[in-house]
Structure formats: structure tokens, C-alpha cells
Amino acid sequence: MIKQRYTMQRGIIVNVVLMVLILMFAVISMNAGKMNLSPLEVLNVLLGNGTDKQNLIVFDFRLPRIVLSILVGLGMGAAGVVMQSLLRNDMASPGTLGISSGSGLFVLFFVVFIASTGKSSFIALPLLAFVGGLLAAGLIFLLSYRRGRDISPIGLILTGVALGSGYGALTTFLTLKLDDSQMNFMLHWLAGSLWGDNWSYISVLAPWVLILIGYIFYKSRMLNTLHLGNQLAEGLGLSVKRQFLGLSIAAVALSSGSVAGGGSFFFVGLIAPHMARKLVGPDHKLLVPAASLAGGLVVVLADTITRTVSLVGDVPTGIVITVISVPYFLYLLAKAK
């Protein structure tokens, strides 16, 4: 009991620290960039006492991007921890399973064929990305299914990698139909550019992400049971197929919505759960919020670096995340061997 209480206390402290770090880097990010503002000027803007220029910089340029980066990180972190837990595989993520590639393909459909304007486009884009991710996930499970056998996690990942290559080929083919501006958009999207830093997009993405993370947190006890194995979960009276389906759809929806607004950030969905697991342990009541917050912290930190450090050209945030994550990813692979 004492050990369990200590673990719970440690987990709560870790989650609080992660939230404080996110807020700290958000404040730093609001002060960073080509048009520098002092912390006092930012505070005046937030209190409603800023000048028109300061209000424009904070509310139209920086704050939407910061909020978007946090939402994308939260969504990818939560989606990653659900996929790793359901499949009981540390290498599972929206990227390695090909779900991000499927969502990206439908984002490209939106760019090439719909090209709509106004509020309808803000809703259509995440919905199309969700449909693409759901179809990708359905194909993966369908091709991996063997009657009378449990689905192999390794088989799922191999199938996802193969399908992801196919989606990549289709994406390359469709890019031949793009004009210069569309091509520029897709290249930045593929690199992870946090392009949807507009309050209209954020107003759609925020409830999408927060409600789904709330649902996953509500199901954290189910995730603990499912992580023990399907047979043991069924023996404990859990409806494995129904819970597995509901949590899988929630994870796909989270990763697809994040992909739609922020681009390809699949490394966040892979790395954030590992970071959180080392900090708070395997209990999903602590792991789900910790993985979400770790994802948000990684994206905010990377975006702050891109706007603070003087780099050649406008470097997408996803590239910085990849540079940061690759050494840790190689460490995980070496440890797995």
C-alpha cells in the first residue's frame, strides 16, 4: 500500500512538473521570434493592455501556434500510448502502423480535389484525415487477421509498414497534380510544419483532442487490464473486442486530427509514451496524462527552438523533433535487441 501510494504521488508530481514545463516553454515561446517582446509586454497583452502591434504578434501569430503545438503533442502522445498498450509492442505508433500515412493521403485528397474555402474546410479537413486513418487501420487489421488466432503485434506493424509504403507511393503520384503553392504546402506538411495555426482550425481541433483524451483516461483501467493479455482480460470479465475497438478508434481519431492540423509528427507518438513510462510507470491512470503532456512538451520545445535559434530558412518543427528523437529511438532499438 505504501509503495502504491508512493508511486501514485510520484506520478502526480511528474504530471504537475510536465504541465509547469509546458507553460514555461509556452511563455518563452511567446517571447521568442524575429519580433521580440519582453515578458512584461506579453503579460500586458494577456491582461488586455497591449498595443495593437503587440496584440497582433501575440494573439494572431504566436499564441495560436503555441496552442496548436500543445494540442498536436497531446493527441499524438495519447494515441501512441494506446497503440503500444493495445498491441503490447513498444514500437507501435501512428507512424509505424501506417495510420499517419493514410491520414496524410486523405489530406492530400483535400488539397488536390476539394480546395474549398470558409468554415466548411476547417471541419472537412480533420474529418477526411480521420476517415483516411480509420481506413488505414481497418486495412491493417483486416490483412493481419487470422481466423481462430490472436492478431500478432509484429504482424500488425509489418503490415502497417508495407501499407505505409503504398500510401507513400500514392501520395507521390498525387503530388504530380499539385501546383507550386500546393506542392509547397504538402512538403511543409510532410515535414511537420504546424501549418494550422489559425483559431478556426484550433476551435475544431481542441474539443476533438480534449474529449478523446478524456475518453481514453476514463478507460485507463480497461487499458491496464488489456495490457495483461486478451485471455487474462476475458477471464476477468472484460469485453475485449468491444473495448479494443473503441480505444483503437479513439487513438486513430486523435492521431488523424493531430496530423490534419500539424502535419506528420509520428515520432512524438512513438517517443512520448516511452518517456512517460520511465517517469511514472505502467499504470495508465498516470501514464495516459503523462504521455500526453510529454508529447505536448516535446512539440512546444521543438517549435520554440525553430523560432529561437537562427537556422537557414523556415525549418519545420517536425524536422527538429526528428533530430531530437532519433538518438533516443536508436537507443530503444539497441535496448530491444
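Throughout, numbering of the chain's residues begins at 1 and tracks the sequence.
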Would you compute the distance between atom CZ of Phe106 and atom OG1 of Thr171 and round it to the nearest 0.5 angstrom?
10.5 Å
With hydrophobic residues grouped by side-chain heavy-atom distances under 4.5 Å, do Val16 and Val300 end up in a single group?
yes
If you round to the nearest 0.5 Å, how far is OG1 of Thr172 from CG of Leu108?
9.5 Å
Run the side chain to side chain contact (heavy atoms under 4.5 Å, CB included) test on Leu174 and Leu170 for me, step by step, so that the C-alpha distance in whole Å, both residues' side-chain angles and the decisive distance to 0.1 Å come before the verdict.
CA-CA 6 Å; Leu174 282 176; Leu170 285 173; 5.5 Å; no
I want to check something: taking the side chain as every heavy atom from C-beta on, are Leu297 and Met275 in contact at a cut-off of under 4.5 Å?
no
Atom pair CD/CG of Gln84 and Asn89 - distance to nearest 0.5 Å
8.0 Å
CG of Leu287 to OG of Ser85: how many Å apart, nearest 0.5 Å?
6.0 Å
Please step through side chain to side chain contact (heavy atoms under 4.5 Å, CB included) for the pair Leu223 and Leu86, ending with a clear verdict.
CA-CA 7 Å; Leu223 279 169; Leu86 291 180; 4.0 Å; yes
For a quick test of reading the model, state the closest non-hydrogen atom pair linking Ile140 to Gly160 and the distance between them.
CD1-CA, 3.9 Å
Under the criterion side chain to side chain contact (heavy atoms under 4.5 Å, CB included), I'd like the reasoning laid out for Phe25 against Asp303: C-alpha separation, chi angles, the key distance, then a yes or no.
CA-CA 10 Å; Phe25 280 109; Asp303 187 54; over 6 Å; no
Go through the steps for Phe59 and Asn55 under the test side chain to side chain contact (heavy atoms under 4.5 Å, CB included), then give the verdict.
CA-CA 6 Å; Phe59 290 117; Asn55 289 334; 3.9 Å; yes
Quick check: does any side chain N or O of Arg62 sit under 3.5 Å from a backbone N or O of Ile57, one acting as donor and the other as acceptor?
no
Same cluster or not: Val67 versus Val259, using hydrophobic residues (I, L, V, M, F, W, Y) connected whenever any side-chain heavy atoms lie under 4.5 Å apart?
yes
Does one hydrophobic cluster hold both Ile216 and Ile211, with members joined at side-chain heavy-atom distances below 4.5 Å?
no
For residues Leu139 and Tyr167, determine if any side-chain heavy atom of one lies less than 4.5 Å from a side-chain heavy atom of the other.
yes
Same hydrophobic cluster for Val27 and Ile22, using side-chain heavy-atom links shorter than 4.5 Å among ILVMFWY?
no
Heavy atoms, side chains only, cut-off 4.5 Å: are Met76 and Ile321 in contact?
no
Would you name the heavy atoms of Val82 and Leu247 that are closest together and state the gap between them?
CG1-O, 3.7 Å
Which residue pairs pass the side chain to side chain donor-acceptor pair (under 3.5 Å) test with at least one member in residues 237-261, sequence neighbours excluded?
Ser103-Ser256, Lys219-Gln243
So which atom in Gly80 and which in Pro273 form the shortest heavy-atom distance, rounded to 0.1 Å?
C-CG, 3.6 Å
Can you check whether His284's main-chain N or O pairs, donor with acceptor, with Asn224's side chain at less than 3.5 Å?
yes
Single-linkage hydrophobic cluster Leu74~Ile249, side-chain heavy atoms < 4.5 angstrom:
yes
Tell me if a side-chain donor or acceptor on Ser220 pairs with a main-chain N or O of Phe217 at a distance below 3.5 Å.
yes
Minimum heavy-atom separation for Val58 and Met30, please, with both atom names.
CG1-SD, 4.2 Å
A side-chain contact here means heavy atoms from C-beta on lying under 4.5 Å apart; do Phe267 and Val298 qualify?
no
Would you give the length of the straight line joining atom CZ of Phe173 to atom CG of Leu105, rounded to the nearest 0.5 angstrom?
11.5 Å
Indicate the atoms forming the closest heavy-atom contact of Ala291 with Ala276, along with that distance.
N-CB, 3.4 Å
Provide the closest heavy-atom pair for Leu71 versus Val209 in the form atom of the first, atom of the second, distance.
O-CG1, 3.9 Å
Straight-line distance of Leu293 CG to Asn15 CG, nearest 0.5 Å:
5.5 Å
